[in-house]
Amino acid sequence: MGREIFQNHTEIPYHITARCINRDWFSLDIEDVWEVMTRQLYFINHAFNLRIHAFVLMSNHFHMIVRTPDANLSDAMKYFMRETSREITFLSGRINQTYGSRFHRSLIHSPLYYLHAYKYVYRNPVEAGLCDHVEDYKYSSLQGLLGETWLDVPVSEDDNWKDFLSRQNTLEWLNKKPSAEHWNQVAVALKKTSFKLPREKGKSSCLEEQVL
């Protein structure tokens, strides 16, 4: 079977992730990786008009939610992956490449799916046991949005979903722990090129109708 043809969308956001080669650590202090990542995010925001709605750096991978008004996701991410890999490889003294493969994208078709992805991104450090609350994690665009630190990542408010997000207390909602089953369902959905919740015995997931 041939590779699926990628279609750039201008209005629909994507969840993006990429992981270190062999699932290894970045082989560099995370503070330094954060500096490299945020500087390059600043550049692609301006050079490619990439609208960044959320970004979280983990020890061996990153997550972000973006939108590409100029339909140039591939070009923007190709630049970002190449430049961050080049810098991290140089600074860490790695012999091999930084990333294990190209980035993975998942198209997010609806406001409800967006909320599932949004919570998944910001809760990643909590679920990994790195902090107790989403706002405590340093290497996340959330701290900047809350005014806890300088906002290194140029985060754009997503006008497409703003009204939906404002219906609830965002921090309280982000810190509400989902069930393991629901968390895993969203994780599986984000592995698809287009966000798709798994079905069980022909029935739709309850997450098709409710927030995570």
Side-chain angles (χ1 to χ4, degrees), residues 13-20 23-45 50-68 73 76-77 80-81 83-85 87-88 98-108 113-158 161 165 170-178 182-184 186-191 195 211-212:
Y14 297 85
H15 168 262
I16 303 290
T17 188
R19 189 177 296 274
C20 273
R23 297 179 175 267
D24 200 1
W25 292 49
F26 280 109
S27 301
L28 188 67
D29 188 275
I30 194 168
E31 190 80 38
D32 296 323
V33 179
W34 175 255
E35 196 277 332
V36 170
M37 294 275 187
T38 54
R39 178 161 29 82
Q40 294 298 342
L41 287 172
Y42 182 87
F43 180 83
I44 62 174
N45 167 251
L50 192 77
R51 305 294 175 82
I52 302 163
H53 303 307
F55 179 79
V56 171
L57 173 64
M58 302 292 283
S59 60
N60 66 356
H61 66 283
F62 65 79
H63 293 273
M64 60 177 156
I65 298 176
V66 302
R67 187 161 52 90
T68 54
L73 179 66
M77 289 306 302
F80 179 77
M81 297 283 286
E83 293 304 309
T84 54
S85 177
E87 286 197 61
I88 293 169
T98 295
Y99 298 108
S101 61
R102 68 191 304 271
F103 69 94
H104 173 75
R105 71 195 184 279
S106 183
L107 195 63
I108 304 171
Y113 289 174
Y114 183 92
L115 288 181
H116 291 326
Y118 191 87
K119 186 166 185 174
Y120 184 88
V121 168
Y122 279 134
R123 278 198 64 83
N124 239 255
V126 178
E127 296 294 327
L130 300 177
C131 57
D132 294 326
H133 303 94
V134 292
E135 65 270 27
D136 296 335
Y137 190 63
K138 184 177 180 181
Y139 307 106
S140 161
S141 56
L142 186 62
Q143 276 215 340
L145 289 173
L146 294 172
E148 297 294 331
T149 185
W150 180 265
L151 185 56
D152 297 306
V153 182
V155 174
S156 301
E157 184 174 56
D158 194 328
W161 320 107
L165 282 171
T170 304
L171 257 188
E172 181 180 344
W173 163 63
L174 288 173
N175 279 312
K176 183 179 179 181
K177 184 175 177 62
H182 290 169
W183 178 261
N184 290 333
V186 173
V188 170
L190 288 171
K191 292 179 180 178
F195 188 101
V211 178
L212 180 68

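Predicted model, so just to flag it, every value in this text is computed and none were measured.
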Could you go through the ring-ring contact (aromatic ring centres under 6.0 Å, His included) check for F103 and Y14 one step at a time? CA-CA 12 Å; F103 69 94; Y14 297 85; 8.7 Å; no
Residues two or more places apart in sequence or in another chain: which of them pass side chain to side chain contact (heavy atoms under 4.5 Å, CB included) with D152? W34, T38, W150
Contacts of Y137 that satisfy side chain to side chain donor-acceptor pair (under 3.5 Å) - sequence neighbours left out: none
Residues in side chain to side chain donor-acceptor pair (under 3.5 Å) with S140, at least two apart? none
Interatomic spacing from CD1 in I30 to CG in N60 - rounded to 0.5 Å: 9.5 Å
CG (L130) and NZ (K138) are apart, to the nearest 0.5 Å, by 14.0 Å
Say whether, by atom type as modelled, one donor and one acceptor occur between the side chain of E135 and the main chain of Q143 under 3.5 angstrom. no
The reported gap from CZ in R67 to CD1 in I52 (rounded to nearest 0.5 angstrom) is 12.0 Å
What is the distance from atom CD of E148 to atom CG of L142, rounded to the nearest 0.5 Å? 9.0 Å
Whether the side chain of S141 engages the backbone of F55 through a donor-acceptor N/O pair (distance < 3.5 Å, no angle test) should be reported. yes
Applying ring-ring contact (aromatic ring centres under 6.0 Å, His included), can you list everything that pairs with H116, at least two apart in sequence or on another chain? none
Using a 3.5 Å distance criterion without hydrogens, assess whether the side chain of H53 forms a donor-acceptor pair with backbone atoms of S156. yes
Does F62 form a side chain to side chain contact (heavy atoms under 4.5 Å, CB included) with V33? I'd like the steps, not just the answer. CA-CA 11 Å; F62 65 79; V33 179; over 6 Å; no
Closest approach of L145 to L151 (non-hydrogen atoms, all atoms of both residues): N-CD1, 4.0 Å
Test item: side-chain donor near acceptor, Y99 and T84, under 3.5 Å: yes
Closest heavy-atom pair and its distance - A76, I44: O-CG2, 4.0 Å
Which residues pass the side chain to side chain contact (heavy atoms under 4.5 Å, CB included) test with A187, not counting sequence neighbours? Y120
Search all heavy atoms of I108 against all heavy atoms of H15 and return the closest pair with its distance. CD1-N, 3.7 Å
Report the C-alpha distance between M37 and F80 in whole Å, list the side-chain angles of each, state the deciding distance to 0.1 Å, and finish with yes or no for side chain to side chain contact (heavy atoms under 4.5 Å, CB included). CA-CA 8 Å; M37 294 275 187; F80 179 77; 3.5 Å; yes
Under the salt bridge (Lys or Arg N to Asp or Glu O under 4.0 Å) rule, collect the residues that match up with R123, sequence neighbours excluded. E127
Start with the C-alpha distance between L190 and T17, add both sets of side-chain angles, then the distance that settles side chain to side chain contact (heavy atoms under 4.5 Å, CB included), and finish with yes or no. CA-CA 9 Å; L190 288 171; T17 188; over 6 Å; no
Chi angles and distances behind the side chain to side chain contact (heavy atoms under 4.5 Å, CB included) call for M77, M64: CA-CA 11 Å; M77 289 306 302; M64 60 177 156; 3.5 Å; yes
Taking all non-hydrogen atoms of both residues into account, name the closest pair between V134 and Y122 and its distance. CG1-O, 3.3 Å
May I ask you to say whether E172 pairs ionically with K176, meaning some side-chain N is under 4.0 Å from a carboxylate O? no
Under 3.5 Å donor-acceptor, H104 side chain and K191 backbone: yes
Quick one: CG on N175 to CG on D136, what's the gap to the nearest 0.5 Å? 8.0 Å
Interatomic spacing from CG in L107 to CZ in F195 - rounded to 0.5 Å: 11.5 Å
